[in-house]
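Both backbone and side-chain heavy atoms feed into the values below; hydrogens, waters and symmetry mates do not.
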Amino acid sequence: MADWHEITGGVTAPRGYRAAGIKAGLKPSGLPDLALIVSDVEAIAAGVFTTSQVRAACVDYCRQRLQGKHSARAILCNAGQANAATGEQGWLDTLESAMAIAQALNISSDSVLLASTGVIGQRIPMDKLKAGIPQLVAALSETGSDAAAGAIITTDLVPKSIALETTISDRPVRIGGIAKGSGMIHPNMATMLAFVTCDAAVSPHLWQQMLTRAADKSFNAITVDGDTSTNDSLIALANGESRTPAITDMGHEAEKLEAMLTAVCQHLAKAIARDGEGATCLVEVQVTGTQDEQAARQIAKTIAGSSLVKSAIFGRDPNWGRIAAAAGRAGVPFEQENLRIQLGNFLMMENGQPLAFDRKAASEYLQKAAAGAYLKEDTVLISVSIGNGHGSGKAWGCDLSYDYVKINAEYTT
């Protein structure tokens, strides 16, 4: 049983946080497009960002800020323009955005972190962003998480939010998160955009370590289309407003906090994978028998990212040969006579030998998942074992439908 429970509130569930989301006119659609998360006090800040060589200005900005200062008060996010591949002017727009929100909040600009999402190569309309800041600050609320979650999305069908609560030193401690992502999902760092808040007191170095490990087990374990974004950013704040003793080293309380942080990140990551452009179901791949966790995750992510596996699932075709082929090309050595493959409850291969199974029933299993309740009964489970090692790992993805091509073929037109 998990040592925590789910609560409402998203990023404003932890103590000492407010959030807002408004329509600033940045999106041609006229939908909400500017979000703000603010801590009442300076909060320990950590981040994990894209490894792409083509990065948005906000990514480089946040990296520089966090190298020089391990705390922040505010996260500002615009949707509609990625501000990536925009040259020197894009960098100047980023600095101007930080200064504008800092002045409105009466805080130092080095306490501001930034994120952007939208079309690559497009600058932020700075006149509209700056004009919207007074309204954005005025809208800040202890119940503003949903508004912020709705203002950071682009092609997402649904906002993504979660909050959990546990007890540390006899006091409640909460972690909340919101995220966006639907396409261009194949993180080599964290996710598209995810913002996490926490009211525990944690040392900067430890908070960064926790976040990095949580990202590896969540956002780094999802894929929709194999494309890593220029803007991938996972930013987490811990402001200490729970008034619990500071956690400075790994131990029981640190492990409990990290487990809850990982659970928040995994929920958001699975929500992103399930909301993959055109997807009809979530795919979870569980791999065991490897030498270590990294090898297991590598195989799992290769299977989850295989276009052939994803297409077969969309076609409700229990073509386990594609699973075997993906496992074999993952770059992890194993003896094929040890390979075991299972789809849901249907065992299809054991000890490297194909087994007879009810193909019609297996196809119906895939159909049922596509019709299942969101993030509850809509998961296709693929289980793979390659030997007797102690390593295990998971990855999440989605099926590949006709709509994925349609959505992305018309993205900028």
Side-chain angles (χ1 to χ4, degrees), residues 18-39 45 47 49-50 52 54-66 68-69 72-141 144 147-156 178 180-181 184 192-195 229-233 235 411-413:
R18 294 171 293 152
I22 66 164
K23 301 175 183 178
L26 305 178
K27 287 181 180 177
S29 65
L31 295 171
D33 49 24
L34 194 59
L36 179 63
I37 301 168
V38 175
S39 172
F49 303 95
T50 184
S52 174
V54 180
R55 299 178 302 274
C58 56
V59 169
D60 288 340
Y61 169 87
C62 286
R63 280 176 167 167
Q64 289 185 18
R65 283 288 181 264
L66 292 175
K69 180 182 179 183
R73 285 280 308 275
I75 303 170
L76 176 69
C77 179
N78 73 281
Q81 303 80 31
N83 198 22
T86 49
E88 181 63 22
Q89 190 57 55
W91 175 253
L92 295 176
D93 290 343
T94 293
L95 298 180
E96 187 177 359
S97 299
M99 183 62 69
I101 197 66
Q103 290 176 348
L105 293 171
N106 195 27
I107 62 176
S108 171
S109 62
D110 66 3
S111 289
V112 175
L113 297 174
L114 301 171
S116 299
T117 182
V119 181
I120 295 170
Q122 291 192 2
R123 288 176 50 202
I124 304 168
M126 292 304 297
D127 55 341
K128 295 180 179 179
L129 183 143
K130 290 193 291 184
I133 284 178
Q135 178 190 351
L136 184 65
V137 172
L140 283 169
S141 165
I152 67 174
I153 62 177
T154 50
T155 59
D156 307 52
I178 59 174
K180 68 84 54 181
M184 199 176 283
M192 300 350 82
L193 294 181
F195 309 122
S229 170
T230 56
N231 291 55
D232 291 342
S233 298
I235 299 172
Y411 184 63
T412 64
T413 56

S.K.: S233 side chain to N231 main-chain N or O, any donor-acceptor pair under 3.5 Å?
M.R.: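 Yes; at least one donor-acceptor contact below 3.5 Å.
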S.K.: Return the minimal non-hydrogen interatomic distance between A148 and A19, and the atom names on each side.
M.R.: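 Nearest heavy atoms, A148 then A19: CB-CB, 4.1 Å.
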S.K.: Let's go through L66 and L113 carefully: what are the C-alpha distance in whole Å and the side-chain angles of both, what is the deciding distance for side chain to side chain contact (heavy atoms under 4.5 Å, CB included) to 0.1 Å, and is it a yes or a no?
M.R.: CA-CA 9 Å; L66 292 175; L113 297 174; 4.2 Å; yes
S.K.: Less than 4.5 Å apart, any side-chain heavy atom of R65 and any of D110?
M.R.: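 Answer yes - side chains close enough.
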S.K.: Can you check whether N83 reaches Y61 side chain to side chain, under 4.5 Å on heavy atoms?
M.R.: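 The answer is no, as the side chains (C-beta and beyond) never meet within the 4.5 Å cut-off.
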S.K.: Do L129 and D93 make a side-chain contact, defined as non-hydrogen atoms from C-beta onward lying under 4.5 Å apart?
M.R.: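 With C-beta onward as the side chain, the pair stays apart.
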S.K.: Do L193 and I235 come within less than 4.5 Å of each other through their side chains, counting heavy atoms only?
M.R.: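 Sidechains of I235 and L193: no contact.
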S.K.: State the CG-CG distance between L105 and L76, to the nearest 0.5 angstrom.
M.R.: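 Between L105 CG and L76 CG, I get 9.0 Å after rounding to 0.5 Å.
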S.K.: How about CG on N106, more than 12 heavy atoms from neighbouring residues, nucleotides or ligands closer than 6.0 Å, or not?
M.R.: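 Not buried by this count: 12 neighbours or fewer within 6.0 Å.
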S.K.: Quick check for you: to the nearest 0.5 Å, what is the distance between I75 atom CD1 and S111 atom OG?
M.R.: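 One gets 12.0 Å once the value is rounded to the nearest 0.5 Å.
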S.K.: Check T94 against C58 and note the closest heavy-atom contact, atom names and distance.
M.R.: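 Where T94 meets C58 most closely, the heavy atoms are OG1-N, 3.9 Å.
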S.K.: Check whether more than 12 heavy atoms from other residues, nucleotides or ligands sit under 6.0 Å from atom CE of M126, and answer yes or no.
M.R.: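 Enclosed: over 12 neighbouring heavy atoms sit under 6.0 Å from CE of M126.
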S.K.: Could you tell me if D60 and Q64 have a donor-acceptor pair between their side chains, going purely by distance under 3.5 Å?
M.R.: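 Judged by distance alone, the side chains do not pair up.
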S.K.: At their closest point, which heavy atom of L136 faces which heavy atom of A20, and how far apart are they?
M.R.: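 Nearest heavy atoms, L136 then A20: O-CB, 3.5 Å.
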S.K.: Restricting to non-hydrogen atoms, name the atom on A85 and the atom on I120 that form the minimum distance, rounded to 0.1 Å.
M.R.: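 The answer is CB-CG2, 4.2 Å.
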S.K.: Got a second to check how far I133's CD1 is from L36's CG, nearest 0.5 Å?
M.R.: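 Result: 8.5 Å between the selected atoms.
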S.K.: Where do K23 and G30 come nearest, in terms of heavy atoms and distance?
M.R.: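 For K23 versus G30, the nearest heavy atoms are CD-O, 3.3 Å.
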S.K.: Which atoms form the tightest heavy-atom contact between D232 and V59, and what is the distance?
M.R.: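 Looking at all heavy atoms of both residues, the shortest contact is O-CG2, 4.1 Å.
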S.K.: Check whether any side-chain N or O of D33 sits under 3.5 Å from a backbone N or O of N78 as a donor-acceptor pair, and report yes or no.
M.R.: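 It does not hold such a pair.
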S.K.: Any side-chain heavy atom of S108 within less than 4.5 Å of one from R73?
M.R.: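 SC-SC contact between S108 and R73 ruled out.
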S.K.: Taking the side chain as everything from C-beta on, heavy atoms only, tell me whether T154 gets closer than 4.5 Å to V119.
M.R.: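 With C-beta onward as the side chain, the pair stays apart.
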S.K.: So, do T50 and T230 sit near enough that their side-chain heavy atoms are less than 4.5 Å apart?
M.R.: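 No - every pair of side-chain heavy atoms lies 4.5 Å or more apart.
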S.K.: Restricting to pairs with a member in residues 128-137, which pass side-chain hydrogen bond (donor to acceptor under 3.5 Å, both in side chains), not counting sequence neighbours?
M.R.: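 Checked against side-chain hydrogen bond (donor to acceptor under 3.5 Å, both in side chains) - neighbours excluded - the pairs reaching residues 128-137 are E96-K130.
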S.K.: Could you tell me if the side chain of K180 sits less than 4.5 Å from the side chain of T117, heavy atoms only?
M.R.: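 Side chain of T117 against side chain of K180, heavy atoms only: contact under 4.5 Å found.
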